[in-house]
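Worksheet for the structure shown next.
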Amino acid sequence: MDAILLQVLNGLDKGGAYALIALGLTLIFGTLGVVNFAHGALFMLGAFCAVTIREVLTLSVKVKDESVTFFEAFKEVPYLELWLGETGKTIIDWSVPISILFAIPFMLMVGLVMERGLIRHFYRRPHADQILVTFGLAIVIQEIVKAYYGANPIPQPSPELLSGTANVGAFFGLGDNLVYPLWRLVYLGFALVIIAIVFAFLQFTTFGMVVRAGMADRETVQLLGINITKRFSIVFGLAAVVAGLAGLMYTPVLPPDYHMGMDFLVLSFVVVVVGGMGSLPGAVLAGFLLGILQSFASMNEVKQIIPGLDQIIIYLVAMIVLLVRPRGLMGRKGVMED
Amino acid sequence: MTKKSSDLSRRSLLKGTAAATAATAVAPSIFVPNATAAGAFRNDPGNSSTVTLGFNVPQTGAYADEGADELRAFKLAVKHLNGEGDGGMMQTMQPMNLKGNGILGKKVEFVTGDTQTKSDAARASAKRMIEKDGVIMFSGGSSSGVAIAVQSLAQEMGTVFMAGLTHSNDTTGKDRRRYGFRHFFNAHMSGASLAPVLEAEYGRDRQVYHLTADYTWGWSQQESIAKFTKSQAGWNTVADVRTPVGAGDFSQYITPILNSGADVLVLNHYGKDMVNSLTQAIQFGLRDKQVNGKDFQIVVPLFSRLMAQGAGENIKGILGSTAWNWKLSDAGSQAFTKAFGQEYGFPPSQAAHTCYCQTLLYADAVERAGTFNPEQVIRALEDHEFDGMGNGKTLYRGSDHQAFKDVLVVRGNQNPSSQFDLLEVQDIVPRDKVTYSEDTYPGDLGPYKV
């Protein structure tokens, strides 16, 4: 029972990341009809917002290590600590959540520039062209990040207050020995909140209503005199923000490196296909579902029966779902069907 | 008819004489095995004033930083071989036959390739170097899978391969090749050096859970660590779980450890996988746990400073083994660290160290052999004993092409004095403690002549 609960939590946690990326992918696909292979790069850029802000917050006085003479070796004391003492330490400690403030406008700008500067030129082009150009863009972004930050992962600690473990066993009445990393629970909560905000935004605001109408019938909305293109550009920016925040908050779980977006991208596309192209609830549902299945497939008991299942489970499920429900779990008729 | 026949016969005789003369002139280099053909070999620099080496390192992918450091070391070695700079380890290595005028008086040039840490890409890159660029030797790499793949290519092509970072026992065990040489230590040596320290630090009769990268290096290391901790300290393996390379999130592999009854976790991971699995194991509170009345411990058998940077605070206090560390105080290590540090502004990694040594060792062997002929160079490297290169007296054993030298047991530094001071040397385990018999990992080197 303990093991099952932990694997469910693992799956939900991982599924949260999948769902957030898939949500953005679906939003872009549903509104602009673009298959955005650069979406993983946006996830990675969000993570590097956290890295950048931490670098800024930890700008330091360098105290030279005199025992080393062949090169510059030094111990760093951040200015914030020198100037503000404990307050400075606390600000650095909370660098990951603080970087959200920077990441939102930054990712919005990246999304808008990407859409206006490049992707809009490919709206009327075949999907294959869109995939090629966005995949190329992803590689360019990756290489820029690598050139500046290197290929090694860069650790981003979570705030001390949230870095221990939570006694989930006591919460579920399963004894005191069942613990789970606190930050992963925070991430799960964060993912659910972001998903709720996106849905609420689309459901309860005029902007959201227009976007949904545009997703359903773009031409009619345009005939009503609404500038749907402008709104869709903003949607692209919002999808970039969602992907960026998903990456940023994931940094304490997975030390970011330039390639992390690509690792998530392929799985997220499978999530979108399983959920149903263009279906936002489908993307979220499939994200969590596949996350949980992947966790269970990695259990020793399962691997003893079917070795290597953890490697193929997602694709296996995708095959079965597409055989039984060719449009995915919640796919709509007419999406990507000529 | 007869006359005609006679004419033909005379012409035939003339033609035959001409052909025989030509054949006699050409024959020694084509048909006669032990004449001048014996000296012919692939990419012979001949009378050229230069000789080309190939440096095949990961320039893209997860090990790109390690590859970049290897390349820096190679460039430094070439500089020193050509008589530029302060000479680095050429001031300390013994015996030393290098003169600072290239190799056998030929200026050293080099080409580079990208292994991408993929066997097929590494082989293609090495093949291009040998066939197109005409390299006489190639070196580098940051994975055992790659090393084994290009080593067999080296044998097929008859070009010497001086392996870079490769730690699997198989590289000089079952997959050893006559044309491949490994200066780096291996999983057996990690096990032999770590086990006594682990027993002293964490006691006997521990229950161990292994998470193992699912490829040749991971299997090899798991086997060696389990074997030595069992025989030395009576540690019992509770489970060995294979994890895919590049898994990213290891949470689903870590949660079963919590209730497995294990009180030690051994992470047979390297690079990014190690950074991720260690970070996540600590997030799951493993180091704060008490199991079987003992503090839970995590061991990382193969460490590198570049990995320690990625793991940040999580590496502090963790025990592991490493081939070399820039803080070593011997003359060879100091000479190399000084040369590298002054050139690039930071200390070299263990990958850089092994690649630098390999280049110098090859060049020295050529000087001793007096020829670039790989067969003679291989014989010069086999059973060659040297010193002054950072790991004490070292033997390149002829029977398996493994270098036997001192091994370092290190611990993640609790109080680093600088950004590079991430590992503290806990113990220097002497060569005789990590040396094993020739038949421990049987294999066939293959022929000298290919």
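On a predicted model such as this, the values are computed, not experimentally measured, just so you know. Numbered from 1 within each chain, the chains take letters A, B, ... in sequence-line order.
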Exceeds 12 heavy-atom contacts within 6.0 angstrom, atom [atom1] of [X]:
X: Y315(A); atom1: OH; result: yes
X: F135(A); atom1: CZ; result: no
X: K316(B); atom1: NZ; result: yes
X: E313(B); atom1: CD; result: no

Of all the heavy-atom pairs spanning [X] and [Y], show the shortest one and how long it is.
X: D65(A); Y: S417(B); result: OD2-OG, 2.9 Å
X: G248(B); Y: L254(A); result: O-CD1, 3.0 Å
X: D310(A); Y: P244(B); result: OD2-CD, 4.1 Å
X: T60(B); Y: K146(A); result: CA-NZ, 3.7 Å
X: L306(B); Y: N152(A); result: O-ND2, 3.1 Å
X: P255(A); Y: T279(B); result: CG-OG1, 3.8 Å

Residue part contacting chain B, namely of [X], when any heavy atom lies under 4.5 Å:
X: D257(A); answer: side chain
X: K64(A); answer: neither
X: F296(A); answer: neither
X: D13(A); answer: neither
X: F264(A); answer: neither

Toward chain A, the part of [X] with a non-hydrogen atom under 4.5 Å:
X: F284(B); value: both
X: Q334(B); value: both
X: N259(B); value: side chain
X: E343(B); value: neither
X: Q419(B); value: both

Between N10(A) and T255(B): side-chain donor-acceptor atoms closer than 3.5 Å: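 There is such a pair between these side chains.
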
Set of side-chain hydrogen bond (donor to acceptor under 3.5 Å, both in side chains) partners for S60(A), sequence neighbours left out: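 By the side-chain hydrogen bond (donor to acceptor under 3.5 Å, both in side chains) rule, S60(A) matches no residue at all.
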
Residues in residues 68-79 of chain A near chain B [non-hydrogen atoms, under 4.5 Å]: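 V68(A), F70(A), F71(A), E72(A), A73(A), F74(A), K75(A), listed by number.
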
Between [options], which has the largest tally of heavy atom pairs under 4.5 Å with chain B?
options: S298(A), S163(A), S67(A); result: S298(A)
options: V253(A), I154(A), D263(A); result: V253(A)
options: K14(A), H259(A), K62(A); result: K14(A)
options: Q7(A), E301(A), R184(A); result: R184(A)

Residues forming a salt bridge (charged side-chain N to carboxylate O under 4.0 Å, His left out) with D240(B), sequence neighbours excluded: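 For D240(B), the residues satisfying salt bridge (charged side-chain N to carboxylate O under 4.0 Å, His left out) (neighbours in sequence not counted) are R242(B).
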
Do you know which of [options] has the most heavy-atom pairs under 4.5 Å to chain A?
options: Q280(B), Q309(B), E66(B), Q342(B); result: Q280(B)
options: V275(B), N276(B), N314(B), D288(B); result: N276(B)
options: G271(B), P347(B), A339(B); result: P347(B)

Test item: Q294(A) side-chain N/O and Q252(B) main-chain N/O as donor-acceptor pair under 3.5 Å: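 Checking the backbone N and O of Q252(B) against the side chain of Q294(A), no donor-acceptor pair under 3.5 Å is found.
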
Interatomic spacing from CD1 in I254(B) to CG in L6(A) - rounded to 0.5 Å: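 Rounded to the nearest 0.5 Å, the CD1-CG separation comes to 11.5 Å.
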
Per-residue contacts, residues 67-75 of chain B versus chain A, heavy atoms under 4.5 Å: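 Counting heavy atoms that sit under 4.5 Å from chain A, no residue of residues 67-75 of chain B is involved.
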
